[in-house]
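Chain letters run A, B, ... following the sequence lines, proteins first, then strands; residues in each count from 1.
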There are 2 protein chains.
Amino acid sequence: MAQTRNKFDFEDLLDKHHLKKTSPRLRVLSMMASKSTATSQPDLESVMNDIDRVTLYRILNAFEEKGIIHKVFDLNGTANYAMCSSNCGEHHHHDEHLHFNCTVCKNVYCLDDLHLPPVSLPEGFKTEGFTLYANGTCPKCTKKAAAKSA
Amino acid sequence: MAQTRNKFDFEDLLDKHHLKKTSPRLRVLSMMASKSTATSQPDLESVMNDIDRVTLYRILNAFEEKGIIHKVFDLNGTANYAMCSSNCGEHHHHDEHLHFNCTVCKNVYCLDDLHLPPVSLPEGFKTEGFTLYANGTCPKCTKKAAAKSA
DNA sequence: AATCAAATGCAATATTATTGCATTTATAAT
DNA sequence: ATTATAAATGCAATAATATTGCATTTGATT
């Protein structure tokens, strides 16, 4: 939800997870936190083109394992990353919210506060987690479209 | 749900969509229809290793466009394909069912007859489609685990 | 300031996906 | 049946994406 965070928040975050506070990591965090949508891996790469690709992979993996960010695949199967809400921990992701993928701007929105209605599965299926995906047009793109057709 | 289909069903299917009845296509169809779960692209490739990789890509794309199969990404972001239920058509996918990804055997189950409860989105989001994902342990793997621990 | 482990960057390699073109194949027309 | 054709396949080349090993650098600790 892109609540404003400052430099020190990120340093604390890394501290908490026993990760060293390096410049690439802090930059990745601040980029992701500055956006209201998830950030695609390609976007990350092009914006942080001075950071080695491999380093980026490793940072993202480390963050994901620690429960700092979560990964979500968009309609094209490309990985997007977003900050986890507070209740995620190491190996305990609770990102059971709605992921909305805009078909126009391709952005992925994490709608955290939208909790899913309970779904009962057929006999024998033991569920660990749910994720609901929706695709369509996001508010921004809906507005733009309306402005054009007016 | 892997209803038994014979050779002629597949030929009809291809006919209906104005696709030529070629041997690679028929093989892909029969493989997918023989399974109760979605088929991962790697699996398809290894089983059909005599079919060119490129051909496989093109077949899958063609089938998807025509609404014969649908693509679903599993937990690892690898593409899986499954036959569409009858109400899918060209550019009109209605695979709004539950995709269950077993964390043990990695299989993706399409639970067609499970319809999602209605979800209301925040102001401004216009939804075209929903997909619900769940992960956990499938009946087979649950059984196996129970047998072992007994 | 010195030490040590962790993280980064680079090179090499592997995997996955795409494009262009020559050849083959299924269909439709003769 | 034979032939013409458009479509589909297979191959080669290339692009894009992901992984591994290792030398170097950096952050934290003493």
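Taking 4.0 Å as the cut-off between side-chain N and carboxylate O, B/R27 and B/D50 count as a salt-bridged pair.
Residues A/Y133 and A/L98 form no side-chain contact, since every pair of their non-hydrogen atoms from C-beta on lies 4.5 Å or further apart.
The minimum heavy-atom distance linking A/M31 with A/T39 is given by the pair CE-CG2, 3.5 Å.
We find that CZ of A/R53 is positioned 17 Å from P of C/dA12, with the value rounded to whole Å. The distance between atom CG of A/L56 and atom P of D/dT17, rounded to the nearest whole Å, is 13 Å. We find that CG of A/L26 is positioned 10 Å from P of C/dT8, with the value rounded to whole Å. Atom NE2 of B/H18 is separated from atom C1' of D/dA8 by 17 Å (rounded to the nearest Å). Nucleotide D/dA28 holds its P atom 12 Å from the CG atom of A/D12, rounded to whole Å. Atom CG of B/N61 and atom P of C/dT18 are 7 Å apart (whole Å). A/D52 has its CG atom 14 Å from the C1' atom of D/dT17, to the nearest Å. A/Q41 places its CD atom 15 Å from the P atom of D/dA16, with the value rounded to the nearest Å.
Closest approach to the B/I51 side chain among D/dA18, D/dG10, C/dC10 is made by D/dG10 (side chain taken as heavy atoms from C-beta onward). Here the nucleotide nearest the side chain of B/T55, chosen from D/dG27, D/dG10, D/dA18, is D/dG10. Taking the side chain of B/V54 as heavy atoms from C-beta on, and the options C/dT18, C/dT8, C/dG9, the nearest nucleotide is C/dT18. Closest to the side chain of A/Y57, from the set C/dT18, C/dG9, D/dT19, is D/dT19. Counting only heavy atoms from C-beta on, B/K20 has its side chain closest to D/dA6 among C/dT8, C/dA17, D/dA6.
Judged by closest nucleotide on DNA chain D, B/I59 is the one of B/I59 and A/A79 placed further toward the 5' end. Remark on DNA chain C: of its neighbouring residues B/S23 and B/E45, the 5'-side contact belongs to B/E45, judged by nearest-heavy-atom nucleotide.
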Taking it one step at a time, do A/T78 and A/D74 satisfy side chain to side chain donor-acceptor pair (under 3.5 Å)? CA-CA 6 Å; A/T78 54; A/D74 65 18; 2.7 Å; yes
Between B/K71 and B/F73, is a side-chain contact (heavy atoms from CB on, under 4.5 Å) present by the stated rule, with each step listed? CA-CA 7 Å; B/K71 193 202 301 211; B/F73 296 102; 3.5 Å; yes
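For C/dT8, neither phosphate oxygen OP1 nor OP2 lies less than 4.0 angstrom from any side-chain nitrogen or oxygen of A/R58. Residue A/T22 places none of its side-chain N or O atoms closer than 4.0 Å to OP1 or OP2 of D/dG27.
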